[in-house]
Amino acid sequence: MEEARVWEEEVVIPTYEVGKPDKNPMFLEKRVYQGSSGKIYPYPTTQKISREKTDHVWKAVYLENQYIRVMILPELGGRIQRAYDKTNNYDFVYYNEVIKPALVGLCGPWISGGIEFNWPQHHRPTTFSPVDYALRDNGDGSKSVLVNDVDRMYGTKEITTFTVYPDRAYLEVRGQLYNRTPFPQTFLWWANPAVSVNDSTQSVFPPDVHSVYDHGKRAVSHFPIATGVYYKHDYSEGVDISRYRNIPVPTSYMAAKSEYDFV
């Protein structure tokens with residue numbers, strides 16, 4: 001039985017660099033971001049991305065056993081950049097081999113691919129920022145990487161622990177939130193895994209999910225058979241929107257409610 005391993009390594013990834021953040025604070029009290037508040041103070045905003053890519057040296061942390069190898073980038077929010085199945089040479093989340101940000105994050109830059117971990121809201125403010133991390137050798141033979149971040153807007157803290165066991169073909173992810181303030185705080189915590197799609201891709205929800213919303217509940221649709229207008233597209237003839245091939249425009253949908261304990 002191969003032991004689990006954890007180590008640090010520098011990797012070169014083609015990268016479209018971002019510009020310097022605006023040194024002036026942006027008081028965006030009236031800004032709406034995906035249906036919720038878009039305020040970011042005291043974080044700065046970044047609004048420039050290079051059109052030319054360069055080879056950038058990033059610090060990576062790896063977890064590995066006989067089944068899987070996982071690459072984490074602590075300089076980019078502690079995201080999983082690659083999750084690789086060694087038994088069949090397959091990336092089981094979408095592996096983006098280029099760092100090319102788009103300005104869709106709360107503070108600007110955001111990248112696709114891998115698995116993004118978000119709190120206290122949506123695509124978190126520090127999704128493109130360095131975070132603290134630590135490597136841990138556990139007594140049961142497993143290895144862990146701990147990623148730590150403190151939100152400067154609300155004072156809350158979050159630790160994500162990634163663990164690989166010597167005889168298990170999965171990555172364990174545990175999120176722990178801390179309220180470091182004397183006041184109640186609201187939050188979301190969610191992981192955003194990317195997958196490579198094709199015409200056979202289907203989104204599967206629990207069987208009691210019959211309606212879906214977009215970000216902020218600005219639009220609603222029946223699910224899986226849409227029968228009206230959703231994301232400005234007419235599905236009135238009755239279309240199975242759980243099937244990727246049937247969706248002609250960029251579309252988001254979230255389960256409104258489910259009583260199932262379901263992943």
Side-chain angles (χ1 to χ4, degrees), residues 6-13 15-22 25 33 39-46 49 56-64 69-83 93-96 98-138 142-164 171-181 185-194:
V6 61
W7 75 96
E8 298 181 60
E9 184 178 312
E10 290 185 339
V11 296
V12 177
I13 305 176
T15 300
Y16 292 80
E17 304 288 354
V18 300
K20 292 183 178 180
D22 191 333
Y33 179 74
K39 65 180 181 180
I40 60 171
Y41 181 81
Y43 288 110
T45 55
T46 300
I49 297 172
H56 185 115
V57 178
W58 296 96
K59 183 180 295 182
V61 180
Y62 288 89
L63 286 164
E64 183 178 24
R69 183 188 307 119
V70 178
M71 180 172 70
I72 299 165
L73 296 181
E75 293 176 299
L76 290 179
R79 68 186 296 113
I80 293 175
Q81 184 66 13
R82 187 177 193 184
V93 296
Y94 174 61
Y95 174 39
N96 196 337
V98 177
I99 304 297
K100 188 175 184 180
L103 295 176
V104 298
L106 191 60
C107 293
W110 169 90
I111 58 174
S112 65
I115 306 179
E116 176 191 38
F117 298 90
N118 298 290
W119 70 282
Q121 68 177 80
H122 298 301
H123 298 288
R124 82 174 199 259
T126 54
T127 186
F128 201 77
S129 301
V131 294
D132 298 327
Y133 67 99
L135 282 55
R136 176 180 291 173
D137 187 352
N138 304 314
S142 65
K143 302 293 190 296
S144 297
V145 176
L146 284 70
V147 173
N148 169 76
D149 196 13
V150 174
D151 178 62
R152 293 165 58 191
M153 292 193 296
Y154 304 105
T156 53
K157 171 187 172 76
E158 195 272 347
I159 294 178
T160 305
T161 302
F162 308 97
T163 302
V164 166
L171 170 71
E172 179 185 85
V173 181
R174 291 183 178 271
Q176 177 66 55
L177 291 167
Y178 302 87
N179 184 1
R180 302 159 64 250
T181 78
Q185 302 288 351
T186 61
F187 69 91
L188 299 173
W189 189 100
W190 62 290
N192 185 29

Inset, instruction - Might you work through the side chain to side chain contact (heavy atoms under 4.5 Å, CB included) test for Arg180 and Thr156, ending with a clear yes or no? - result: CA-CA 5 Å; Arg180 302 159 64 250; Thr156 53; over 6 Å; no
Inset, instruction - With side chain to side chain contact (heavy atoms under 4.5 Å, CB included) as the test, would you mind laying out the steps for Val61 and Val6 before giving the verdict? - result: CA-CA 7 Å; Val61 180; Val6 61; 4.2 Å; yes
Inset, instruction - Could you walk me through whether Leu177 and Gln185 pass the side chain to side chain contact (heavy atoms under 4.5 Å, CB included) test, one step at a time? - result: CA-CA 11 Å; Leu177 291 167; Gln185 302 288 351; over 6 Å; no
Inset, instruction - Output, in order, the C-alpha distance, side-chain angles, deciding distance and verdict of side chain to side chain contact (heavy atoms under 4.5 Å, CB included) for Leu146 and Arg136. - result: CA-CA 8 Å; Leu146 284 70; Arg136 176 180 291 173; 3.4 Å; yes
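Of all heavy-atom pairs spanning Gly19 and Thr46, the tightest one is O-CG2, 3.3 Å. Taking each heavy atom of Pro74 and Tyr133 in turn, the nearest pair found is CB-CD2, 3.5 Å. Contact detail for Asn96 and Ser112: the closest heavy-atom pair is ND2-OG, 3.1 Å. Considering all non-hydrogen atoms of both residues, Arg82 and Tyr95 come closest at NE-CD2, 3.4 Å. A pairwise comparison of heavy atoms in Val150 and Tyr43 identifies O-OH, 3.8 Å as the closest pair. For the pair Thr127 and Pro109, the tightest heavy-atom approach, listed with the atom from each and the gap, is CG2-O, 3.7 Å.
To the nearest 0.5 Å, the span separating CG on Asn148 from OH on Tyr178 amounts to 8.5 Å. The structure places CH2 of Trp58 at 4.0 Å from CG of Leu76, a figure rounded to the nearest 0.5 Å. Rounding to the nearest 0.5 Å gives a distance of 11.0 Å between CD of Glu8 and CD1 of Ile72. Here Ile115 contributes atom CD1 and Leu171 contributes atom CG; the two are 7.0 Å apart, rounded to the nearest 0.5 Å. Gln121 CD to Trp190 CH2: the interatomic distance, rounded to the nearest 0.5 Å, is 11.0 Å. Note that OH of Tyr154 is 13.0 Å distant from CG of Asn179, once rounded to the nearest 0.5 Å.
For Glu172 (side chain) and Thr163 (main-chain N/O), no donor-acceptor pair under 3.5 Å exists by modelled atom type. Using modelled atom types, no side-chain atom of Arg79 and backbone atom of Leu73 make a donor-acceptor pair closer than 3.5 Å. Under the 3.5 Å distance criterion, the side-chain polar atoms of Gln81 are left unmatched by any main-chain donor or acceptor of Gly113.
A 4.5 Å side-chain heavy-atom check between Asn192 and His123 finds at least one atom pair inside the cut-off. Between Tyr16 and Ile111 there is no side-chain heavy-atom pair separated by less than 4.5 Å. In this structure the side chain of Leu135 never reaches within 4.5 angstrom of the side chain of Trp7, judged on heavy atoms. Contact annotation: the side chain of Ile80 never approaches that of Met71 to less than 4.5 Å [non-hydrogen atoms, C-beta and beyond]. Phe162 places a side-chain heavy atom less than 4.5 Å from the side chain of Leu63.
Crowding of Arg174 atom CZ: a count of heavy atoms from other residues, nucleotides or ligands under 6.0 Å not exceeding 12. No more than 12 heavy atoms of other residues, nucleotides or ligands sit less than 6.0 Å from atom CD of Glu10.
Lys157 and Asp151 are not joined by a salt bridge, as no carboxylate oxygen comes within less than 4.0 angstrom of a charged side-chain nitrogen.
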